[in-house]
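The block underneath contains the structure these notes are about, expressed in structure tokens.
Since we're looking at a predicted model, the values are computed, not measured.
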Amino acid sequence: MNSIVILLIAGVCLLLGYVCYGGFLAKKWGIDPQAKTPALKLEDDADYVPSSKFTVFSHQFSSIAGAGPVQGPILAAAFGWVPVLLWLLIGGIFFGAVQDFGALYASVKNDGKSIGLIIEKYIGKTGRRLFLLFCWLFTLLVIAAFTSMVAGTFNAVPSKDPAVLKKGFGAASAASISILFVFVAMFMAFAEKFIKSHVSKNTELIKFIVAAVVLVVTFAIGMKLPIYMVGKHWNLIILAYLFLASILPMWLLMQPRDYLTTILLVLMILGSVVGVLFVHPSMNLNAFNGFSIKGANGEISYLFPTLFVTIACGAVSGFHSLVSSGTSSKTISNEKDMKFVGYGAMVLETLLGVISLIVVGALSKGHAVPSGLTPFQIFSLGVGTFITKLGLPKIYVTVFMTMCLSSLALTSLDSVARIGRMSFQELFIDDTTDRSQMPFWQKLFTNQYFATIVTLIPGYLLCLGGYQNIWPLFGAANQMLAALVLIGIAVFLKATKRKGVMLYAPMFFMLCVTFTAIILNVQKNLTLLLSHKGIFLVNGLQLIVAVFLIVLGVMVTITCIKKLFGKTESVEEEDSVNNYVNSAN
């Protein structure tokens with residue numbers, strides 16, 4: 001199969017999905033362009049910041065497009081390219097985009113509240129506390145996995161040996177650019193305010209031009225002044241950055257950084273597409289390798305549920321709902337932007353997943369996934385090869401690809417750090433209690449600085465073991481979160497007299513996938529420990545967390561399912577203006 005055909009099929013399906021199914025959801029749920037969104041009603045210049053739809057889209061896309069759409073499809077390609085492509089397209093259009101759009105919609109209709117607080121309103125306080133605890137623990141896994149991944153990407157050994165420095169030049173330059181991004185993002189924040197206050201027309205165009213110039217300058221400086229530092233030191237620097245991203249106002253750091261990163265990621269996707277069209281490599285993978293495969297270590301993996309847990313981002317990911325309801329919903333200026341942001345960002349991420357599949361297929365030999373290379377290395381090598389054939393110097397392409405891949409993880413990291421902080425705070429917040437009347441311990445636990453530190457420290461400790469040990473738990477927890485969020489959204493839609501039947505099939509399927517995957521994980525680790533072949537700090541820790549996830553997941557599921565299929569009283573949204581429901585309902 002030629003890669004151009006695969007890319008064309010994917011592009012047409014995703015475009016039709018956005019226009020037809022995305023439009024269908026918007027019509028059934030009801031979009032009111034005249035409603036006052038939370039960003040306008042509760043503007044505080046910190047979390048609630050009215051923004052253009054392109055700015056919000058940039059934040060949404062750059063936050064959700066983490067390592068997943070690269071890592072997942074490449075790892076799952078061992079089953080063959082057909083099941084991977086089918087799950088990316090079906091999952092992206094009917095599962096992932098629906099969840100992302102639904103979480104954003106529910107949050108905007110409820111004063112920008114997170115999914116946890118929405119669950120409290122429509123399901124109850126018990127459901128909310130269980131869900132928030134699950135979310136907070138999940139953010140620790142994300143922080144651990146992605147911090148370790150980025151630190152490994154930036155790892156470059158300081159040396160006086162020119163050969164050693166040359167070998168690590170790409171990583172060192174990408175690291176330098178990432179550090180500069182923090183400062184140029186703040187510059188962009190103030191530049192945007194200046195543009196808005198002094199320019200009446202074409203503000204988005206001027207903002208883009210300024211961003212493009214800043215990116216070129218930053219890239220040039222990073223190439224001239226690479227930073228050589230080992231991974232363990234980068235762990236600490238990344239955590240320091242996450243602390244700032246968690247507490248600083250959205251407009252000052254995260255939004256401009258996400259805007260700059262989105263330009264990079266779009267350029268990477270465009271470069272990949274052009275490279276595929278120019279090189280048009282063949283898909284060298286088998287179409288289907290069976291319902292079970294044996295890994296290099298002799299371990300057997302089954303298509304169900306392994307494929308659906310391995311490919312999360314790009315198909316459906318619970319983490320996305322935390323971004324939709326935790327940050328993006330607080331910056332939407334008009335309800336009509338929600339489809340573009342919620343559904344559109346997921347569609348673009350699915351396209352990135354398809355490109356990852358094409359890349360691994362192009363590099364495969366003997367109908368097998370390349371061995372001895374990480375998914376990031378496979379993607380970087382493949383896309384870099386495509387782009388260099390367009391005549392660009394290899395060294396620049398290498399640094400650019402390394403920078404883009406690290407940006408994928410960093411933009412998810414800064415969002416998840418903020419979401420983790422907010423989830424921890426919400427665990428101890430009672431809307432009926434005045435903060436001035438709170439006891440000391442409650443004030444401490446709801447303090448943003450304390451909540452951030454409590455979130456980052458365990459995330460740092462977990463990352464010391466490397467992302468490989470965390471990834472299986474991350475995948476299982478991520479997909480369970482998606483199932484729980486879909487149930488929560490379905491309850492919200494039912495309680496507000498909206499159509500939610502389209503969520504039933506995705507949520508039940510993801511529940512089956514998740515519980516099967518976690519039970520298999522428990523069985524595997526328990527067998528290793530009982531046979532004295534496992535390590536407690538690896539297999540024992542995974543076993544404990546997996547059992548906890550099962551118990552917590554069952555409790556949240558039962559609580560939500562009872563509410564969904566029981567007698568549910570109608571509940572009004574926070575703002576009476578937001579009560580608009582499209583007449584099509």
Side-chain angles (χ1 to χ4, degrees), residues 1-22 61 65 68-97 265-291 293 303 307-308 310-316 343-370 373 375 378-392 397 401 404:
M1 174 70 75
N2 191 282
S3 58
I4 294 181
V5 177
I6 296 174
L7 190 62
L8 182 62
I9 292 173
V12 172
C13 289
L14 293 173
L15 180 60
L16 289 175
Y18 174 78
V19 174
C20 298
Y21 198 59
F61 173 64
V70 172
Q71 181 116 343
I74 291 177
L75 291 175
F79 286 103
W81 67 267
V82 169
V84 173
L85 180 64
L86 288 175
W87 175 232
L88 282 171
L89 295 180
I90 295 173
I93 294 171
F94 298 105
F95 287 60
L265 299 184
V266 170
L267 286 174
M268 182 185 75
I269 293 174
L270 287 175
S272 303
V273 171
V274 172
V276 169
L277 295 176
F278 184 79
V279 180
H280 50 83
S282 298
M283 176 60 71
N284 296 322
L285 289 170
N286 287 331
F288 183 56
N289 287 325
F291 291 97
I293 57 173
L303 183 72
L307 176 76
F308 307 99
T310 303
I311 304 176
C313 299
V316 56
Y343 202 100
M346 182 63 210
V347 164
L348 186 58
E349 189 193 48
T350 299
L351 179 62
L352 179 57
V354 173
I355 292 173
S356 300
L357 176 62
I358 291 173
V359 168
V360 69
L363 294 184
S364 296
K365 294 181 179 180
H367 304 289
V369 176
L373 296 174
I378 291 173
F379 187 83
S380 181
L381 177 62
V383 176
T385 301
F386 297 162
I387 297 177
T388 52
K389 289 188 177 182
L390 299 177
L392 296 175
V397 173
M401 285 303 304
C404 286

**Prompt:** Does any N or O in the side chain of Tyr343 come within less than 3.5 Å of the main-chain N or O of Ile93, such that one atom is a donor and the other an acceptor?
**Reply:** yes

**Request:** Could you tell me the separation between the SG atom of Cys313 and the CG atom of Leu88, rounded to the nearest 0.5 Å?
**Result:** 11.0 Å

Identify every side-chain donor-acceptor pair in residues 358-365 under 3.5 Å, counting partners at least two apart or on other chains, and give the distances.
unit_1, atom_1, unit_2, atom_2, d
Ser364, OG, Val360, O, 2.5
Ser364, OG, Ala368, O, 3.3

**Message:** To the closest 0.5 Å, what do you measure between CD1 (Ile74) and CD1 (Ile311)?
**Reply:** 10.5 Å

**Fill in**
The reported gap from CH2 in Trp81 to CG in Leu357 (rounded to nearest 0.5 angstrom) is 8.0 Å

**Prompt:** So, does Thr350 use its side chain to make a donor-acceptor pair with the main chain of Gly314 at under 3.5 Å?
**Reply:** yes

**Phe94: partners by ring-ring contact (aromatic ring centres under 6.0 Å, His included), with sequence neighbours left out** = Tyr21

**Item:** Asn286: side chain to side chain donor-acceptor pair (under 3.5 Å) partners, not counting sequence neighbours
**Value:** Asn289, His367

**Prompt:** Under 3.5 Å, side chain of Thr310 to main-chain N/O of Ala76, donor-acceptor pair present?
**Reply:** no

**Request:** With sequence neighbours excluded, tell me which residues meet ring-ring contact (aromatic ring centres under 6.0 Å, His included) with Phe95.
**Result:** Trp87, Phe509

**Request:** Carefully, step by step, assess Phe379 and Met401 under the rule side chain to side chain contact (heavy atoms under 4.5 Å, CB included).
**Result:** CA-CA 9 Å; Phe379 187 83; Met401 285 303 304; 3.7 Å; yes

**Request:** Compare every heavy atom of Ile387 with every heavy atom of Gly271, then report the nearest pair and how far apart it is.
**Result:** O-CG1, 4.0 Å

**Request:** Starting at OG of Ser272, measure out to CG of Leu352 and round the result to the nearest 0.5 Å.
**Result:** 7.5 Å

**Item:** Residue list, side-chain contact (heavy atoms from CB on, under 4.5 Å) with Val273, at least two apart or on another chain
**Value:** Leu7, Ile269, Leu277, Ile355

**Request:** Starting at CD1 of Ile9, measure out to CG of Leu14 and round the result to the nearest 0.5 Å.
**Result:** 11.5 Å

**Request:** Quick one: closest heavy-atom pair of Pro83 and Leu307, and the distance?
**Result:** O-CD2, 3.8 Å

**Request:** Working to the nearest 0.5 Å, report the span between CG of Leu89 and CG of Leu16.
**Result:** 11.0 Å

**Message:** Looking at every non-hydrogen atom in both residues, tell me the closest pair between Val316 and Met346 and how far apart they are.
**Reply:** N-CE, 4.3 Å

**Asked** Among all residues two or more places apart in sequence or in another chain, which pass the ring-ring contact (aromatic ring centres under 6.0 Å, His included) test with Phe288?
**Response** Phe291

**Message:** For the backbone of Thr385 and the side chain of Thr388, can you confirm whether one donor and one acceptor N or O come within less than 3.5 Å of each other?
**Reply:** yes

